[in-house]
Amino acid sequence: MNAKVAAIARRRESLIARAAAQRADVASIAHSWQRQFQWIDAGLAIVRTTSVRLALMALAAALLGRSRGRRVVVWIGHASTLWRLCRAFIGRRPQGRART
């Protein structure tokens with residue numbers, strides 16, 4: 001019986017060592033692919049943002065397309081100011097009240 005227990009313990013130790021080596025291999029492979037995955041994640045985030053704000057982007061493109069030369073810079077400035085104002089007001093909304 002002791003020989004069987006010893007064999008099982010040796011087998012267990014070898015399996016644990018093999019699993020640790022496999023985990024290290026998987027970690028090194030995942031680390032090497034991390035940079036490529038970051039590009040994919042960034043691309044997916046751009047697609048999600050674009051699809052959610054498609055109408056707003058079309059309106060902005062139409063407005064910017066109508067303006068010429070220096071007026072584009074002025075429109076971008078106005079849009080930036082409007083965006084910051086909207087974000088400021090949205091950020092100050094009271095959170096404790098229930099909406100009716």
Side-chain angles (χ1 to χ4, degrees):
M1 188 72 160
N2 264 346
K4 283 186 178 182
V5 172
I8 291 172
R10 282 192 304 273
R11 174 82 172 141
R12 181 176 183 267
E13 291 299 321
S14 70
L15 289 175
I16 289 172
R18 198 163 103 193
Q22 288 173 348
R23 278 194 299 273
D25 288 343
V26 169
S28 68
I29 291 169
H31 183 68
S32 68
W33 280 92
Q34 185 177 10
R35 183 171 234 140
Q36 286 84 1
F37 289 148
Q38 287 174 345
W39 282 100
I40 293 170
D41 287 341
L44 289 175
I46 289 170
V47 168
R48 277 189 225 112
T49 302
T50 303
S51 65
V52 169
R53 295 173 177 88
L54 190 59
L56 182 62
M57 290 176 59
L59 178 65
L63 289 175
L64 291 175
R66 288 191 47 126
S67 62
R68 300 213 190 327
R70 183 160 160 70
R71 292 175 60 191
V72 172
V73 176
V74 173
W75 275 103
I76 291 172
H78 291 317
S80 174
T81 303
L82 181 64
W83 174 255
R84 279 188 262 133
L85 285 172
C86 289
R87 294 300 295 168
F89 285 123
I90 290 171
R92 292 189 183 131
R93 182 183 305 154
Q95 298 295 325
R97 290 190 209 164
R99 293 183 181 171
T100 56

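From Arg84, atom CZ reaches atom CG of Leu82 across 10.5 Å, with rounding to the nearest 0.5 Å.
Of the N and O atoms on the side chains of Ser14 and Arg10, not one donor lies less than 3.5 Å from an acceptor on the other residue.
No path of Ile, Leu, Val, Met, Phe, Trp and Tyr side chains, each step under 4.5 Å between heavy atoms, connects Ile16 with Val26, placing them in separate hydrophobic clusters. Linking Ile, Leu, Val, Met, Phe, Trp and Tyr whenever their side-chain heavy atoms come within less than 4.5 Å puts Trp33 and Ile40 in one cluster.
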